[in-house]
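Have a look at the structure below before the remarks.
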Amino acid sequence: MTPADPLLPGVLDGDRRTLAKAITLLESTRADHEVRAQALLAALLPRAGRSVRVGLTGVPGVGKSTFIEALGTALADAGKRVAVLAVDPSSERTGGSIMGDKTRMARLSVHPNAFVRPSPSRGTLGGVARRTREAMIACEAAGFDVILVETVGVGQSEVHVAGMTDAFVLLTLPNAGDELQGIKRGIMELADVLVVNKADADPNAANRASTDLRNAVRLLTPHGAPWTPPVLQVSALTGAGVPEVWAALQAHADAVDIPARRRTQTVAWFEALLREAVWHAFERGADHAALRHVRAQVETGELTPVQGVRALLPPARQERA
């Protein structure tokens, strides 16, 4: 029998320092950490699955960190243990976080019931870090009741966070009439709760934005759907409207089948890991000189991408390429 990882007892006891070390191990890209990280994850999985997972996104400047700190602090003050996984854009030079969300959640990061973990996206699409799912499992096993995942910001693939959380919150600004032009329809369709933040700055504009968003929700919500996303106004700076957002999230959990959603997400996670493993297996066994040659041919247009794939795959697998 493989001995338990030395980090396991501390994580299960809810020790935040040990939890941070465990997440660092799970996020590591070093080959010698892979086996240990997967063994630790396997030991943590049976203790996971009992938290409320909430993804939050919005355009840069919408006040995601301020809102998360307000919501997280309110929940922590009420006795809930809150983990925040704040995904920062990465430095192209060092791969580290640029924005430093922990410094922008100074009050929440020192709360005894809270754990704030900034992680660099390292170029991963979807607004989340490469190992955000694994980090959530570690936080759940550590006994956190609520996990808030802050994404980089609305982008082409930002919707990925909705595929790993129980509820997806989209934050907008009072001038959302103009902002809606830059928000992808897919994000609007996946949002479970819409929040107009900084509503106190211009109440009239916030009311207009709320009306526009409700009209959009009405058009995008399928007939007979079990849940119609509410549009709420909030001032994260003063805390006004924050309790209503948590109440909406609780109502959403009662209205939809969360266990079914998580089962679907688990299968999606499996398929993502399988694709990653297949690619790594291909790289390890590939003729790298041939790979570079074919890649150059695709770049110059001598081969189409499909032809390039077929040139590298064994004949038995080409029918599926």
Side-chain angles (χ1 to χ4, degrees), residues 1-55 81-88 90 95-97 102 114-151 160-166 258-284:
M1 179 180 293
T2 303
D5 192 283
L7 294 174
L8 182 61
V11 173
L12 298 181
D13 286 342
D15 181 72
R16 290 180 291 182
R17 186 183 297 271
T18 307
L19 175 59
K21 292 179 180 179
I23 293 176
T24 297
L25 175 65
L26 292 169
E27 291 178 341
S28 175
T29 57
R30 284 176 46 176
D32 59 328
H33 286 172
E34 180 74 16
V35 174
R36 182 185 170 194
Q38 291 308 311
L40 176 61
L41 184 64
L44 294 174
L45 270 169
R47 308 294 186 95
R50 293 182 287 272
S51 302
V52 177
R53 305 172 182 175
V54 181
R81 300 191 68 212
V82 181
V84 178
L85 301 176
V87 184
D88 279 348
S90 299
S97 300
K102 200 164 186 176
F115 172 77
V116 179
R117 170 75 182 203
S119 297
S121 61
R122 293 192 176 97
T124 302
L125 292 177
V128 290
R130 180 172 173 265
R131 296 299 184 198
T132 297
R133 292 181 190 271
E134 287 86 338
M136 285 196 298
I137 288 167
C139 291
E140 288 189 329
F144 285 90
D145 304 301
V146 182
I147 300 174
L148 306 176
V149 183
E150 177 191 5
T151 69
H160 288 189
V161 71
M164 60 180 70
T165 53
D166 302 329
I258 297 298
R261 177 179 286 201
R262 289 203 178 188
R263 287 193 295 271
T264 300
Q265 292 172 353
T266 299
V267 172
W269 181 25
F270 160 75
E271 292 175 347
L273 290 174
L274 180 60
R275 285 191 294 270
E276 182 179 313
V278 169
W279 168 249
H280 287 321
F282 171 78
E283 278 194 310
R284 285 193 297 268

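Below, all heavy atoms of this structure are taken into account, side chains as well, without hydrogens, waters or symmetry copies.
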Distance, nearest 0.5 Å, that separates [atom1] of [X] from [atom2] of [Y]:
{"X": "Ile147", "Y": "Arg81", "atom1": "CD1", "atom2": "CZ", "result": "10.5 Å"}
{"X": "Arg133", "Y": "Gln265", "atom1": "CZ", "atom2": "CD", "result": "6.5 Å"}
{"X": "Met164", "Y": "Met136", "atom1": "CE", "atom2": "CE", "result": "5.5 Å"}
{"X": "Arg275", "Y": "Phe270", "atom1": "CZ", "atom2": "CZ", "result": "10.0 Å"}
{"X": "Leu26", "Y": "Arg36", "atom1": "CG", "atom2": "CZ", "result": "9.5 Å"}
{"X": "Ile23", "Y": "Ile137", "atom1": "CD1", "atom2": "CD1", "result": "11.0 Å"}

Between the main-chain N or O of [Y] and the side-chain N or O of [X], is there a donor-acceptor pair closer than 3.5 Å?
{"X": "Arg117", "Y": "Ala20", "result": "yes"}
{"X": "Glu134", "Y": "Glu27", "result": "no"}
{"X": "Ser28", "Y": "Thr24", "result": "no"}

If you take all heavy atoms of [X] and [Y], which pair is closest and at what distance?
{"X": "Ala22", "Y": "Val11", "answer": "CB-CG2, 3.7 Å"}
{"X": "Ala4", "Y": "Leu8", "answer": "CB-CD2, 4.1 Å"}
{"X": "Ala142", "Y": "Leu19", "answer": "CB-CD2, 4.1 Å"}

**OP:** Quick one: which residue pairs count as a side-chain hydrogen bond (donor to acceptor under 3.5 Å, both in side chains) with a foot in residues 9-19, not counting sequence neighbours?
**Re:** Asp15-Thr18
Show me the side-chain donor-acceptor pairs of residues 39-51 shorter than 3.5 Å, one per line, residues at least two apart or across chains.
residue, atom, partner, partner atom, Å
Arg50, NH2, Arg47, O, 2.8
Ser51, OG, Phe144, O, 2.4

**OP:** Before giving the answer on side chain to side chain contact (heavy atoms under 4.5 Å, CB included), spell out for Val54 and Leu148 the whole-Å C-alpha distance, their side-chain angles and the decisive distance to 0.1 Å.
**Re:** CA-CA 5 Å; Val54 181; Leu148 306 176; 3.8 Å; yes
Subject >> For Trp269, all residues meeting ring pair (Phe, Tyr, Trp, His ring centres under 6.0 Å), sequence neighbours excluded >> reply: none
Original post:
Do Arg262 and Asp166 come close enough that some side-chain heavy atom pair is under 4.5 Å?
Top reply: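 With C-beta onward as the side chain, the pair touches.
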